[in-house]
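Notes follow once the structure below has been shown.
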Amino acid sequence: MSSSRSHRKHASRSRREHGGYSLFAVSSWSPQLAVLALFLALLFLTGGSSRADVSKLIVLRPLAVLAAGYGLATIRKEDFATYRPIWLLFGAVVLLTVAHLVPLPPGVWQSLPGREILVEIDTLAGLEGIWRPLSMHPEGTWNALYALSVPFAALLLASQLGEEDRMRLLAVVIVLCMLSGFVGVIQAGGTDIRFYRFAGDASGFFANRNHQAAMLACLFPMLAAIALSAGRFKIDPRATRLIAAAGMIALVPLILVTGSRMGLIVGAISFMSLAFMFFSGAKRSDAFAIGRLIQGAVALLIAAGMVAGTVFMARDKAFDRVDGLANEPRIPAWESIVDFLPSYLPWGSGIGSFVPVYQIHEESRLLMEQYFNQAHNDWLDLVLTAGLPGVILALVAAVMFVVAAKAALGARSAAGHLRRAGVIVILLLAFASVTDYPLRTPILSALLAIAAIWAWSPFSQSQVKESNQRDA
């Protein structure tokens, strides 16, 4: 741990001497960043599906445990203290999941709402005295607990990074996300490249195009954070901003090609959130404000041109699919869930139990060839499976989000830009969860964990002063 501290001090001194630091000079990375970057590279290759029976999990989850073990061996008390609210919330999530697996006496679990069918089955099978956990589907709850190993590893490693390494991590995440986007373009072109058996078209490293689109939408604030912090890097700030702008321009067709309707909405929200990135912070001169307005107008014109060009080239799958909203099966399914959901309150049916519980109540008119694998609304799923305790944790998370967003409004320096990017990424993933389940994929669960660290990034007055001088 002492060597880790000296490495961080050496990196900071080197940056001051040379007037900036390199994003991709691996020799200057901390060991924690190097391990996290390797873990993320593996994660993008193996963690794009939400299914529990994907064979890639045999590789991913043990390595996630190993990465978490390394993080536990190197983390300091200060790292826990800096991100204490995040760790308390994550710990509460783990404890709630474990609580759903604790065997309960027959008199206890049989009294829980919605367990009548289990009582009837046990009576017919002669198993009246068996102990059962709160979860009606323990296998699904165990899978949910194992799945937490991925964001746990990301939290442990990301929470140990200094400001420079957090910016380097941002660059690593951007590169991996853009790579997934370009893989999606290749897939859309007809190339038979699939990372999963049931992968959709233009889904990149994911099995689901909606998850690909949600991830791509998160890139707008991340690229903006790189552009706004350009003065802190060794390369020419103008070149950095040009590369970031080019990345934003490329995102428009990349999102449209996925064919995700939610991707269109989340992408539009993400693009509009750039105003939060560019105009938040300390007051600047009128010339600065006019410059930002001109940049924003140019960005809007370029984005509009890219949309028009993509539509003209007949790659506007997302727009085509909007016409099919009238036949969307999710809406009647949500209505059905709302009808039987009160039967399982206040404790819920058990984390990870949605599929068998939904099948108990599934209406004949909603039957189809494929089974309904998720609620396609994780907020509704949360209320059903985690009950009132899950809702309370969600409200706590919402309060933490508001606190982080308020602090990010006036934050300056690279940490300030990173805070705003983290806040926006969290908001986008939460919004995407209204009609889908992005956070059930290991990739996006890790991205959420990293975004939480960004949103809570500490910064000092000396860093603010230095950033003001560079930005000027």
Side-chain angles (χ1 to χ4, degrees), residues 49-52 100 113-117 135-137 140-141 143-144 147 198 200 206-214 217 258-269 318 320-395 397-398 426-441 444-445 448:
S49 174
S50 64
R51 295 177 62 97
H100 281 206
R115 270 59 178 185
E116 295 81 9
I117 187 171
S135 175
M136 296 178 66
H137 184 50
T141 308
N143 176 65
F198 299 105
F206 291 89
N208 188 313
R209 59 186 166 194
N210 295 320
H211 303 156
Q212 165 88 337
T258 64
S260 171
R261 292 167 294 192
M262 176 52 71
L264 278 177
I265 300 173
V266 177
I269 294 174
D320 292 340
R321 295 186 67 238
V322 171
D323 296 334
L325 284 175
N327 300 320
E328 176 56 58
R330 301 182 195 189
I331 297 177
W334 293 339
E335 295 172 347
S336 176
I337 295 171
V338 170
D339 288 339
F340 68 75
L341 185 151
S343 302
Y344 295 92
L345 296 178
W347 304 112
S349 61
I351 294 172
S353 66
F354 170 79
V355 172
V357 170
Y358 177 76
Q359 290 173 345
I360 293 173
H361 302 275
E362 190 171 15
E363 301 177 28
S364 58
R365 66 185 179 90
L366 298 178
L367 292 174
M368 52 186 176
E369 294 181 1
Q370 298 84 17
Y371 75 98
F372 211 60
N373 66 323
Q374 300 286 350
H376 291 79
N377 182 327
D378 262 356
W379 297 106
L380 194 59
D381 185 296
L382 175 72
V383 179
L384 171 65
T385 61
L388 184 59
V391 173
I392 293 173
L393 290 181
L395 291 175
I426 293 172
L427 177 64
L428 295 174
L429 292 176
F431 190 85
S433 297
V434 173
T435 62
D436 213 82
Y437 45 97
L439 298 180
R440 296 182 186 274
T441 63
L444 293 180
S445 70
L448 177 66

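None of these values were measured; they are calculated from a predicted model. Computation of the quantities below employed the complete heavy-atom set of this structure, encompassing side-chain atoms and omitting hydrogens, waters and symmetry-equivalent molecules.
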Handout entry: side chain to side chain contact (heavy atoms under 4.5 Å, CB included) evaluation trace for Ile117 with Met136
Key = CA-CA 10 Å; Ile117 187 171; Met136 296 178 66; 4.3 Å; yes
Problem - Plane angle bin for Tyr344 and Phe340 - parallel if under 30°, tilted between 30 and 60°, otherwise perpendicular - result: perpendicular
Handout entry: Audit row: Leu384, Ser349, side chain to side chain contact (heavy atoms under 4.5 Å, CB included) steps and yes/no
Key = CA-CA 6 Å; Leu384 171 65; Ser349 61; 4.1 Å; yes
Handout entry: Test item: Thr385 and Val357 side chains (from C-beta on) under 4.5 Å apart, heavy atoms
Key = no
Exercise for the section: List the atom of Gly263, the atom of Ala213, and the distance in Å for their closest heavy-atom pair. Expected result: CA-CB, 3.6 Å
Practice task
Heavy atoms only: give me the nearest Thr141-Gly350 pair and the separation to one decimal.
Solution key: OG1-C, 4.4 Å
Fill in the blank from the handout: Interatomic distance, OG@Ser433 vs CG@Leu428, rounded to 0.5 Å, equals 10.5 Å
Practice task
With rounding to the nearest 0.5 Å, note down the distance linking CG in Leu382 to CG in Leu393.
Solution key: 8.0 Å
Exercise for the section: Just jot down the ring pair (Phe, Tyr, Trp, His ring centres under 6.0 Å) partners of His137, sequence neighbours excluded, or say none. Expected result: none
Handout entry: For His100, ring pair (Phe, Tyr, Trp, His ring centres under 6.0 Å) partners two or more places apart
Key = none
Exercise for the section: Just jot down the salt bridge (charged side-chain N to carboxylate O under 4.0 Å, His left out) partners of Arg115, sequence neighbours excluded, or say none. Expected result: none
Practice task
For residues Gly387 and Leu345, report the shortest heavy-atom separation together with the two atoms involved.
Solution key: CA-CD2, 4.1 Å
Problem - Heavy-atom pair of closest approach, residues Ser343 and Pro113 - result: O-CB, 3.1 Å
Practice task
Find the distance between CG (Asp436) and OG1 (Thr441) and round it off to the nearest 0.5 Å.
Solution key: 9.5 Å
Completion exercise
Between the CD1 atom in Ile351 and the CG atom in Asn143, the distance rounded to the nearest 0.5 Å is 12.0 Å
Handout entry: Nearest-0.5 Å distance that lies between atom CD1 in Ile337 and atom CG in Leu380
Key = 5.0 Å
Problem - CH2/Trp334: more than 12 non-hydrogen atoms of other groups inside 6.0 Å - result: yes
Handout entry: Closest non-hydrogen atom pair between Pro346 and Pro389, with its separation
Key = O-CD, 3.5 Å
Practice task
Taking side chain to side chain donor-acceptor pair (under 3.5 Å) as the test, write out the residues that go with Asn377, two or more places apart.
Solution key: none
Problem - Minimum heavy-atom distance Phe354-Ala375, with the two atoms named - result: CE2-N, 3.3 Å
Exercise for the section: Would you please name every residue forming a side chain to side chain donor-acceptor pair (under 3.5 Å) with Ser49, sequence neighbours left out? Expected result: none
Handout entry: Thr258 side, atom OG1; Asn208 side, atom CG - distance, nearest 0.5 Å
Key = 9.5 Å
Completion exercise
For Tyr437, the ring pair (Phe, Tyr, Trp, His ring centres under 6.0 Å) test, sequence neighbours excluded, returns His211, His376
